[in-house]
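First up is the structure itself, then whatever we jot down about it.
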Number of protein chains: 2
Amino acid sequence: MRGPNSNLRRDVPEASLRRLPIYYRSLQEMLLSGVAQVSCADLARILGLDPTQVRKDIEMTGIVGKPRVGYPLGDLVRWIENFLGWNRPKTAVLAGAGSLGSALLGYEKFRSHGMLIIAAFDIDPDKIGQRIHGREVQPLMFLPDFVRQAHTLVGVIATSAAAAQSVTDLMVSAGIRAIWNFAPAHIQVPERVILQNEDLYHSLASLSFKLESKMGVTPTGNGISYAEDN
Amino acid sequence: MRGPNSNLRRDVPEASLRRLPIYYRSLQEMLLSGVAQVSCADLARILGLDPTQVRKDIEMTGIVGKPRVGYPLGDLVRWIENFLGWNRPKTAVLAGAGSLGSALLGYEKFRSHGMLIIAAFDIDPDKIGQRIHGREVQPLMFLPDFVRQAHTLVGVIATSAAAAQSVTDLMVSAGIRAIWNFAPAHIQVPERVILQNEDLYHSLASLSFKLESKMGVTPTGNGISYAEDN
DNA sequence: CTCATATCGAGAAAGTTTTATCGAGAAAGT
DNA sequence: ACTTTCTCGATAAAACTTTCTCGATATGAG
Ligand SMILES: NC(=O)c1ccc[n+]([C@@H]2O[C@H](COP(=O)([O-])OP(=O)(O)OC[C@H]3O[C@@H](n4cnc5c(N)ncnc54)[C@H](O)[C@@H]3O)[C@@H](O)[C@H]2O)c1
Ligand SMILES: NC(=O)c1ccc[n+]([C@@H]2O[C@H](COP(=O)([O-])OP(=O)(O)OC[C@H]3O[C@@H](n4cnc5c(N)ncnc54)[C@H](O)[C@@H]3O)[C@@H](O)[C@H]2O)c1
């Protein structure tokens with residue numbers, strides 16, 4: 001009942017999902033350098049993480065290791081791929097062929113991680129008809145039919161923030177089941193749709209705060225004194 | 001000893017740092033629509049979060065609210081800005097003027113969040129000399145002198161993954177104290193340097209996994225059966 | 001062959017984050 | 001003026017994540 005393949009995909013901590021790609025990348029580099037076996041302790045040493053944490057994360061994929069040896073490297077890489085779904089290609093459509101959208105369209109590595117952006121849509125007449133990395137930008141109004149015909153499940157939002165919600169709604173009504181949102185907007189989706197926000201401001205806030213903390217800047221220097229004048 | 005301005009910047013959960021920008025954005029939108037007062041409960045309703053969590057996050061900025069009223073909206077926005085350091089401009093340099101680097105250079109909103117990318121560097125002779133969004137791409141070897149003269153503390157990595165570590169080392173040796181890394185590489189920095197990784201694969205893994213979980217795909221379909229052949 | 005050592009896997013403990021509860025105080029209605 | 005209602009701020013409880021501990025087992029040395 002609890003064999004290596006009876007992985008239930010339940011209760012996977014978000015934190016583990018964030019670490020698995022890091023392991024995956026390191027493991028692939030090792031693969032190139034000809035390593036055959038790897039232990040959690042090895043990985044932990046390389047990445048500066050806790051060995052137990054690495055083991056717990058890897059256990060989630062369902063792979064079973066051998067004491068004193070670890071895991072066959074090739075197998076481990078495939079188990080992670082399989083667990084994350086990176087070995088099962090998914091098509092995606094992109095809305096918003098601006099600077100960011102173009103960069104995403106040209107990003108070949110998505111393909112090797114199971115994500116194929118097969119079409120781009122925009123509303124700007126100057127953009128429509130342009131070819132960007134081999135795909136012709138289409139009018140946004142063609143998106144629903146395209147999605148239905150290609151059975152596409154993933155939609156990438158790279159429009160302005162103002163347009164994000166309406167484009168999302170259009171995608172969802174066409175059958176999209178997961179939204180990857182790069183616009184800095186709080187968008188709403190039905191329960192059944194996955195929403196993944198890629199918010200640069202998260203990072204920017206964290207970076208800015210930590211840098212100032214480390215450099216000794218206090219956040220008291222701009223004359224705000226709300227509590228005094230109540 | 002515990003007044004609104006004696007904010008110690010200690011023990012701030014990473015999760016809170018990630019949520020504050022979301023509040024900030026919503027609050028700014030409210031500001032535009034003329035709202036004057038806002039309560040944590042309001043924010044929580046709008047964003048679909050727990051009111052207590054919102055209150056805890058906002059408390060961290062040091063602002064003091066009034067029962068039954070909440071916070072003056074303008075003040076709250078400024079307290080968050082001040083807490084995150086977004087009202088204190090920081091200069092940054094960018095390495096790697098490719099598709100992503102160009103998009104980042106052209107992204108005006110960084111400026112209003114305290115982050116000014118003032119120069120771009122590359123090693124590709126074809127890139128060097130090009131003007132991208134008003135900044136001329138310079139040879140990477142000029143970076144250290146530039147950083148020292150401009151007293152720049154932040155470095156943005158948008159090079160290939162293979163170059164990320166060496167470019168980081170160059171930046172760090174020139175005095176950079178925070179690295180914002182967009183390359184999918186595990187880079188190492190000294191203790192004193194902040195490292196913020198912007199890893200698309202985190203999101204991709206999460207999206208892919210959740211989509212498949214929701215759509216009922218089991219990760220057992222690719223014939224891996226490592227445990228059998230031991 | 002036996003022993004020492006390293007690692008897995010599982011469960012317990014510790015730490016952190018999120019959610020619930022409660023008293024106090026400010027505003028609005030009676 | 002009094003009561004009701006809502007929200008802040010603080011504390012407590014619950015849930016989750018990370019770290020620690022331990023027994024089992026495979027490998028390599030003696
Ligand atoms: N450029 C960056 O580095 C960067 C970084 C992080 C986030 N972002 C965000 O990504 C989004 C795109 O950024 P960008 O720099 O590419 O901007 P951009 O202005 O270059 O591109 C936006 C594109 O979206 C299109 N668009 C607008 N409304 C649309 C609609 N309703 N349907 C379809 N297309 C529509 C526009 O025509 C344009 O082509 C923005 O929300 C931005 O905040 C950008
Ligand atoms: N394009 C995307 O959508 C995207 C998304 C996420 C992450 N990334 C990552 O961002 C990085 C850049 O991506 P890109 O699509 O812009 O690639 P790109 O090839 O267009 O640009 C890379 C640039 O870096 C320069 N470069 C290489 N080595 C350098 C060095 N040692 N010093 C200075 N510059 C150097 C190259 O000359 C080139 O101009 C990559 O690591 C990529 O994996 C890209």
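Atoms considered below: every heavy atom in the structure, side chains included; atoms not considered: hydrogens, waters and symmetry mates. Throughout, a chain's letter reflects where its sequence line sits, starting with A, and its residues are numbered from 1.
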#### Entry: Polar side chain donor-acceptor pair, B/Ser166 to B/Asp169, under 3.5 angstrom
no

### Query
For the atom pair CE (A/Met171) and CG (A/Leu143), what is the distance rounded to the nearest 0.5 Å?
5.0 Å

### Task
Measure the distance from CG on B/Asp42 to C1' on D/dT7 and round it to the nearest whole Å.
10 Å

### Message
Pairs counted only when both distances fall under 3.5 Å, Watson-Crick or G-U: show me the 5' to 3' dot-bracket for DNA chain C, [ ] for pseudoknotted crossings and | for other-strand partners.
### Response
||||||||||||||||||||||||||||||

### d(CD, A/Gln37; C1', C/dA6) in whole Å
14 Å

### Message
Looking at C/dT18, I'd like to know if its phosphate oxygens (OP1 or OP2) sit under 4.0 Å from a side-chain N or O belonging to B/Arg19.
### Response
yes

### Task
Using atom CG of B/Leu49 as one end and atom P of C/dA20 as the other, report the distance to the nearest whole Å.
13 Å

### Task
Report yes if the side chains of A/Tyr107 and B/Ser99 come closer than 4.5 Å at any heavy-atom pair, otherwise no.
no

### Task
Return the 5'-most residue of the pair A/Asp57, A/Val69 with respect to DNA chain D, ranking by each residue's nearest nucleotide.
A/Asp57

### Task
Using a 4.5 Å cut-off on heavy atoms from C-beta on, say whether the side chain of B/Met215 contacts that of A/Leu153.
yes

### Query
Would you say A/Tyr71 reaches C/dG9's phosphate, i.e. side-chain N/O to OP1/OP2 under 4.0 Å?
yes

### Query
Where each residue is assigned the nucleotide of DNA chain C containing its nearest heavy atom, which of A/Glu59 and A/Pro67 is assigned the position nearer the 5′ end?
A/Pro67

### Message
So does A/Ala205 get a backbone contact from the side chain of A/Ser208, meaning a donor-acceptor N/O pair under 3.5 Å?
### Response
no

#### Entry: Spacing between A/Gln53 atom CD and D/dT17 atom P, to the nearest angstrom
11 Å

### Message
If you take any heavy atom closer than 4.0 Å to DNA chain C, which residues from residues 23-32 of chain A end up in contact?
### Response
none

### Query
So which nucleotide from D/dC8, C/dT18, D/dT19 ends up closest to the side chain of A/Thr52?
D/dT19

### Task
Confirm from the modelled atom types if B/Arg68 and D/dT7 form a donor-acceptor pair under 3.5 Å, side chain to base only.
no

### Message
Using the side-chain heavy atoms of A/Ala41, tell me which of these nucleotides is nearest: C/dT7, C/dT19, C/dG9.
### Response
C/dT7

### Query
Quick one: do the A/Glu81 and A/Tyr24 side chains pair a donor with an acceptor below 3.5 Å?
yes

### Query
What about B/Phe110 and B/Trp86, are their ring centers closer than 6.0 Å?
no

#### Entry: Pairwise 5' ranking along DNA chain D for A/Ser16 and B/Arg45, keeping only the more 5' one
B/Arg45

### Between D/dG9 (P) and B/Ile58 (CD1): distance, integer Å
10 Å

### Task
Check for a donor-acceptor pair, side chain of B/Gln37 on one end and backbone N or O of B/Gly70 on the other, with a separation under 3.5 Å.
no

### Message
Any N or O donor-acceptor pair under 3.5 Å from the base of D/dT11 to the side chain of B/Lys56?
### Response
yes

### Query
On a plain distance test, is the side chain of A/Arg55 in donor-acceptor contact with the base of C/dG9 below 3.5 Å?
yes

### Query
Contact class for A/Ser39 (heavy atom, under 4.0 Å): base, sugar-phosphate, or nothing?
sugar-phosphate

### Task
Give the intermediate values and the outcome of salt bridge (Lys or Arg N to Asp or Glu O under 4.0 Å) for residues B/Glu212 and A/Arg177.
CA-CA 10 Å; B/Glu212 295 203 341; A/Arg177 299 300 293 273; over 6 Å; no

### Query
Would you say the side chains of A/Thr52 and A/Lys56 form a donor-acceptor pair under 3.5 Å?
no

